[in-house]
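This report refers to the structure that appears directly beneath it.
First the proteins, then the strands, lettered A, B, ... as listed; each starts at 1.
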Amino acid sequence: MISDHLQVIDFNKKLKSWYLKNHRPLLWRQTTDPYKIWLSEIILQQTRVAQGTPYYEKFLENYPTVFDLADADERDVLRLWQGLGYYSRARNMHFTARQIVSEFGGKFPETAVTLSKLKGLGHYTAAAIASFAFNEPVAAIDGNVYRVMSRIFGIRSDMLSNEGKKEFAKVAKALISQEDPATYNQAMIEFGAIQCVPVSPNCTICPFNDICYAYAYNVQNELPVKAKKLKVKNRFLNYFIIEQGGKLAMQERNTKDIWKGLYDFFLVESTARVESPEDLTDNDTLLALQRKGNIRQIPKLYIHLLTHQKLHVQFWWVTIPENEHLDLPGNIYFFSKNEVETLPKPILIDTLLKEEKYL
DNA sequence: GACGCGTGGCC
DNA sequence: TGGCCAAGCGT
């Protein structure tokens with residue numbers, strides 16, 4: 001374990017020198033504006049740089065300051081976020097933008113402790129903003145940093161358990177540079193991201209291969225230790241895309257379920273795959289669709305994978321004649337094609353509408 | 001503490 | 001191919 005002060009100084013020196021030589025010139029590293037740093041950190045949660053970068057640029061164009069984001073409608077924020085996943089990030093970010101404007105006059109709090117009280121900011125993100133924007137010496141420990149520390153120092157406790165987190169936090173606290181915490185944190189993260197990578201790291205060029213526990217015992221692939229994740233559940237979704245006079249019936253998802261805040265179609269869930277709408281349990285809306293509409297089955301069965309759900313999705317396109325009146329459940333409304341385009345939708349719904357040449 | 005939350009890229 | 005997982009957080 002690292003406890004000796006001189007060892008820490010040596011580690012920091014090597015790390016910083018590696019960083020200055022090897023780091024990528026990412027956009028959000030060219031600023032100390034807490035708004036831009038915050039935006040980048042939220043986008044990058046559980047998200048690869050390549051996937052998040054276009055969203056970072058879009059968001060800064062549309063909402064250059066926290067005031068612009070606070071002024072926006074949540075629906076538009078979600079629409080801009082569409083395709084990035086974990087949509088609560090966008091909802092929380094919007095909520096927090098409004099709070100920063102209304103309670104702090106648009107100025108971000110400057111310490112990790114205060115920042116972490118905001119919605120969507122946990123230990124990691126609060127520490128990242130506090131150190132990158134305000135140079136506070138707090139360790140920002142993300143998945144990369146857990147991996148680096150567990151391998152180099154041979155920490156085998158579960159990084160997802162509270163006990164494990166405490167142990168990692170202790171080591172991180174001993175390591176962090178008091179003089180330049182921003183660069184130290186960036187360097188640890190970047191080192192994990194491009195050198196100490198999860199699979200098949202190239203340890204022969206690693207500046208720490210002389211002290212690394214994992215390299216010495218050839219256990220890079222066993223570290224870090226993470227509790228195993230749960231099994232994927234199968235769900236069977238039957239969507240009815242109700243069209244009348246060119247408009248589509250869509251509903252906002254408001255339940256405690258997937259895709260909260262996004263829009264989809266009239267949905268009947270079943271416990272297994274069904275061949276035809278008649279196999280679904282009776283339901284007034286469904287009966288009305290069968291009576292008044294022309295139902296066309298979309299031939300393809302879509303499989304959509306979420307982190308812990310496998311969705312088996314069957315679509316039916318239902319055309320209702322313009323002179324028919326249809327009673328829809330209270331949360332479903334007809335939207336024009338232009339409106340449908342501007343609504344935030346799960347990527348599956350967006351894909352279907354494009355494949356059906358509606359959008 | 002356990003679990004839920006998206007999407008796309010990788011092999 | 002399908003299993004794995006990427007700069008976490010909220011409940």
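At C:dG8, none of the side-chain N or O atoms of A:K226 fall inside 4.0 Å of OP1 or OP2 (strictly under the cut-off). Proximity of A:W259 to the phosphate of B:dG4: no side-chain N or O atom is located under 4.0 Å from OP1 or OP2. Between A:Y86 and C:dG10 there is no side-chain N or O to OP1 or OP2 distance below 4.0 Å. The side chain of A:Q46 places an N or O atom within less than 4.0 Å of a non-bridging phosphate oxygen (OP1 or OP2) of C:dG8. Remark: A:Q309 is in phosphate contact with B:dC5, judged by side-chain N or O atoms under 4.0 Å from OP1 or OP2. Between C:dA7 and A:T125, no contact under 4.0 Å exists linking OP1 or OP2 to a side-chain N or O. Under 4.0 angstrom from either OP1 or OP2 of B:dG6 there lies no side-chain N or O belonging to A:R89. Side-chain N/O atoms of A:H308 include one lying less than 4.0 angstrom from OP1 or OP2 on B:dC5.
A tilted orientation is assigned to the rings of A:F11 and A:F153, their planes being inclined by 30° to 60°. Relative ring orientation between A:Y56 and A:W28 is described as perpendicular, the plane-to-plane angle rising above 60° on a 0-90° scale split at 30° and 60°.
The shortest heavy-atom contact between A:F240 and A:V268 is CE1-CG2, 4.1 Å.
Looking at heavy-atom distances under 4.0 Å, A:R24 makes contact with a base.
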Enumerate, atom names and distances included, each donor-acceptor pair closer than 3.5 Å involving a side-chain atom of residues 38-45 of chain A, sequence neighbours excluded.
| unit_1 | atom_1 | unit_2 | atom_2 | d |
| --- | --- | --- | --- | --- |
| A:S40 | OG | A:I37 | O | 2.8 |
| A:E41 | OE1 | A:Y124 | OH | 2.8 |
| A:Q45 | NE2 | A:T125 | OG1 | 3.0 |

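Rounded to whole Å, the P atom of C:dC9 lies 23 Å from the corresponding atom of B:dG8.
Residue pairs meeting the salt bridge (charged side-chain N to carboxylate O under 4.0 Å, His left out) criterion with at least one partner in residues 312-324 of chain A, sequence neighbours excluded, do not occur; the list is empty.
Distances were taken from every side-chain heavy atom of A:R29 (C-beta onward) to each of C:dA7, C:dA6, B:dG6; the shortest belongs to C:dA7.
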What pairs of nitrogen or oxygen atoms, one from the protein and one from nucleotides 9-11 of chain B, lie under 3.5 Å apart?
none

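Ring to ring, A:F108 and A:F104 are not that close: their centroids are 6.0 angstrom or more apart.
The nearest heavy atom of DNA chain B to A:K233 and to A:P346 marks one nucleotide each, and the one closer to the 5' end goes with A:K233.
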